[in-house]
Each structure stands twice: as structure tokens, then as C-alpha cells.
Amino acid sequence: MKIHEYQAKQIFAKYSIPVSKGKVAFSVDEALSVAKELGKYPVVLKAQIHAGGRGKGGGVKLANSESEVKELASSLIGMTLVTHQTGPEGKIVKKILVEEGLPIESELYFGMLPDRATGTIAVMVSSAGGMDIEEVAAKEPEKIIKVNVDPLLGLQPYHARQLAFGLKLAPEFVKQFVPMALSLYKLFVENDCSLVEINPLITTFDGRLIALDAKINFDDNGLIRHKELLELRDPDEEDPLELEASKYNLNYIKMNGNIGNMVNGAGLAMATMDLIKLAGAEPANFLDVGGGASAEMVEKGFRIILSDPNVKGVFINIFGGILRCDVLAEGIVQAAKKVEVKVPVVIRMEGTNVEKGREILQQSGLNLIVASDLKDAAQKVAAIARN
Ligand code: GDP
Ligand code: MN
């Protein structure tokens, strides 16, 4: 789960990690009153969307007076912000963070994430902050300093000093960096994060080390332990169909193609997406109804796929184990009768009660394309993709 910068900064503050002073504003009036409260110009206005690259995309503005706050806030709120992370359709800005402008001396990078290959938590810093870290990693990897922390031992002060010395920080900043790194590690572990990133982490001319940006991603599998974090979820930032699917415990992820597919089991989902690609088409989604799906879940899943306007065809690929083929067939028929199916639907199923399942499909009077096996299904999907 992702959260906004302003929310991440509130969590930082709880862990005594220094952040710029400021507040979120949902309207121009609110922005003006936050600016007034800050009492000093310049102030920075930052679009709050779940994507980075806002600076380059025009979502971060410096205002030097009340009238500039008014002018810039009205252009930011409601705008469609396009950055390299939003995709070409961009994201609508519904709120902005209004902050004190700080005298930046240098911009650094700080990042923390699980490293699956070594089973550790990787902590990375770089003096090349403020930029795209992927680009730094590709072009100047020597500028990234990394320590791998054994989660059983945790981040130790010597790790933090190693990072600070790698950044060639002056002693006054090393003193601030070490407790900050330790707090960030504590935050990371206590909240089951999958990423904590500060880009840029700045030093100011008056000798302070401050998180100017803040990004926290939480591991969805850990959220069950942190009910309070669920309140930070912003439905505006999530795909409405993904949100709908999560209500029914369906694993649904929207993608960019036009062949919707419904499967049971993540492994089969992967294999099915490969098959769709091999057939020369692109998957419109990943929908796993799970091993023990009921007819009702199949119906919900089918509806969700069909409500994506990009879907030009649907491929249902199910292995009937715990979910029997006849139950699946009932679910599909029920769903198809309730919603208007305007696109071709190819079904391949195998497993328990497959004959009965096929019979239900064939006798349903619906226009369903029943494939005899995977190869046949692939050809049928390819034919849809060509049209
Ligand atoms: P991102 O582009 O989405 O990662 O947004 P950031 O929060 O990183 O902001 C982008 C850039 O805006 C930073 O790298 C800074 O150069 C600039 N910026 C943000 N806040 C301030 C500030 O308080 N003072 C000044 N001078 N620049 C700022
Ligand atoms: Mn940033």
C-alpha cells in the first residue's frame, strides 16, 4: 500500500525524523491559511499524488507571496499531473502540501528496502540526491553506498556511521544522520514497510539535516497487524476495479492489454498471461479467484473483468481441483445472464467434473467458446486478438 508524502511525513515526525514544517490543503483557501500560519516566504506547494517525479512534471512550486500562493494553488488543485511514474494519462491533483521553503545546501538520497536475494534489509544512500535514483544506479553506481542489515541484528550505529562517512558528511551532519538512520530503521520494521525513501534528504545552510520528500510503502501482507495504517489508504489513488475486487478477496491487478483473463492460482495466472502473449495479444488484467473460489466469486470476478472498457475478449482458464468445474460453469453462466456480455469469451477448463462443466456451458444458450485444451484456447484467443 502506498501513502502520500504528507502522511509519510506525519509518520516521520512521530519517529522524531526532521521534516519541513507544513500541512496538507484541499482548497486554495486552506492553502492560504497554511501559508499564513507558516508566516514566512517562500513556501513550497507540492501536489500530493501517489507517484514520484512531481518536481520535473510541474507539481512542485515555490511561492514568494500570498498572491503567488493563490495563483499557484489554484493551478495545482484540479490539474492532471503527468510524471514519468503516472503513465501518459496522469493523475488528478486533489490536495497539495504547503510547506516552509528551506535553504537547500545539498540534496542527498536515502532508501531502505528488503533485499530478497540476501534476506537482508538494504539501506542505501547517495550524494546524488534529488535525481532519479535508477539513473544514478545505472550511470554512476559508485555514487551509491549500501549496507545490508541482518534483520535479526538490526541496523547498528556503526552501519549508520559507515553510510554517513560514505556520504562524506561534515561532523555536524554525521551527528544528525546517525540517530535519523536508526529511527528510520525502527519505523521500517515496526510498520512492516516494503520501502522507505527520502529523495532528497537535504542539508541546509543553517546546518540542519531534513527529509524534504518522504515515501513509505507498506507490505500489504503486514497490514493485518496495522489496522490504523488502513485509514491512510486513499481510494482516489487506487484503480476502482482493484478496490472493488479487494472487497471480495479477489486478486485483481489491472494491466494495459485487451484480453481479460480469469484463472485460479497465481502460477496458472502467470502461465496464462504467457499464453496470451504468445498468442500475440496483451493481458488486460491478472485475476486470480483463488483455489477455493465459490460460484459467487467467479461471478464477481467475471463482472469486474467485463466492466473494464478495454476488454475486447475474455479468457477463462481454470483447473478444477477444490473448485469443481461444474461449480465454475454455474458461476460463469449466472454472471453472463446478469450482465450483458458483448465480447467473446473463451473457456478452457480441466479437472474435477469437467464433463458436467462443459455440458452446463454448452446448454446455457450463451455465446461461450469452449476450448478443448490449452493449445486450442491459445488459437481461439489469438483469433479474438486479430479482430
Ligand atoms: P518529486 O519530484 O516528486 O520527488 O518531489 P520532491 O519532493 O523530491 O521535490 C522535487 C524538488 O523540488 C526537490 O528536489 C527540490 O529541488 C525542490 N524543492 C522541494 N522543496 C523545496 C524547498 O523547500 N526549497 C527549495 N528551494 N526547493 C525545494
Ligand atoms: Mn523526491
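Note that ligands are numbered from 1 as they come in the structure, with each ligand's atoms numbered from 1 the same way. Residues take their numbers from the sequence shown, with the count starting at 1.
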Which protein non-hydrogen atom lies closest to atom 22 (C) of ligand 1, naming both residue and atom, and how far is it?
Val44 CG2, 3.4 Å

In terms of side-chain geometry, is the basic nitrogen of Lys215 or Asp213 positioned less than 4.0 Å from the acidic oxygen of its partner?
no

Presence of salt bridge, Lys70 and Glu66, under 4.0 angstrom
no

Could you check atom 18 (N) of ligand 1 against the protein and tell me its nearest heavy-atom contact, residue, atom and distance included?
Leu212 CD2, 3.8 Å

Below 4.0 angstrom, counting only protein heavy atoms, does anything approach atom 11 (C) of ligand 1?
no

Can you confirm whether more than 12 heavy atoms, excluding those of Asn256, are under 6.0 Å from its CG atom?
no

Relative to the heavy atoms of Pro200, which atoms of ligand 1 are at a distance of less than 4.0 Å?
8 (O), 14 (O)

Check ligand 1 against Gly52 and write out every atom of the ligand that is under 4.0 Å from a heavy-atom position of the residue.
3 (O)

Would you check the N or O atoms of Gly53, main chain and side chain alike, for any that come under 3.5 Å of an N or O of ligand 1?
yes

Can you find a side-chain donor-acceptor pair between Asp29 and Ser27 that sits under 3.5 Å?
no

Taken to the nearest 0.5 Å, the spacing of Lys36 NZ from Leu38 CG works out to 12.5 Å

shortest atom 2 (O) of ligand 1-to-protein heavy-atom contact is with Gly55 N, 2.8 Å

If we number the atoms of ligand 1 from 1 as shown, the ones under 4.0 Å from a heavy atom of Glu100 are 23 (O)

To the nearest 0.1 Å, how far is atom 16 (O) of ligand 1 from its closest protein heavy atom, and which atom is that?
Glu107 OE2, 2.8 Å

Side-chain donor-acceptor pair present, Thr203, Glu105, cut-off under 3.5 Å:
yes

I'd like to check whether Asp213 has a polar contact with ligand 1, where a contact means an N/O of the residue lying under 3.5 Å from an N/O of the ligand.
yes

Can you figure out which of Leu45, Ile49, Leu102, Val60 has its heavy atom closest to atom 26 (N) of ligand 1?
Leu102

Any idea which atoms of ligand 1 are less than 4.0 Å away from a heavy-atom of Arg54?
1 (P), 2 (O), 3 (O), 5 (O), 6 (P), 7 (O)

Would you compute the distance between atom CZ of Phe218 and atom CD1 of Ile3 and round it to the nearest 0.5 angstrom?
4.0 Å

What atoms of ligand 1 come closer than 4.0 angstrom to any heavy atom of Gly101?
23 (O)

Angle in degrees, rounded to 10°, that O of Asn199 and OD2 of Asp213 form at the Mn ion (ligand 2)
100°

Could you check whether Glu190 and Tyr15, counting side-chain N and O atoms only, form a donor-acceptor pair closer than 3.5 Å?
yes

Just need the protein heavy atom nearest to atom 27 (N) of ligand 1, so name the residue and atom and give the distance.
Ile104 CD1, 3.4 Å

Give yes if a backbone or side-chain nitrogen or oxygen of Asn199 is under 3.5 Å from a nitrogen or oxygen of ligand 1, and no if not.
yes

Protein heavy atom at shortest distance from atom 7 (O) of ligand 1
Lys46 NZ, 2.5 Å

side-chain hydrogen bond (donor to acceptor under 3.5 Å, both in side chains) between Thr272 and Asn317, intermediate numbers included:
CA-CA 7 Å; Thr272 305; Asn317 188 14; 3.0 Å; yes

Under-4.0 Å salt bridge between Lys91 and Glu237:
yes

What I want to find out is whether Arg303 reaches Glu244 closely enough, with some N-O distance under 4.0 Å, to be called a salt bridge.
no

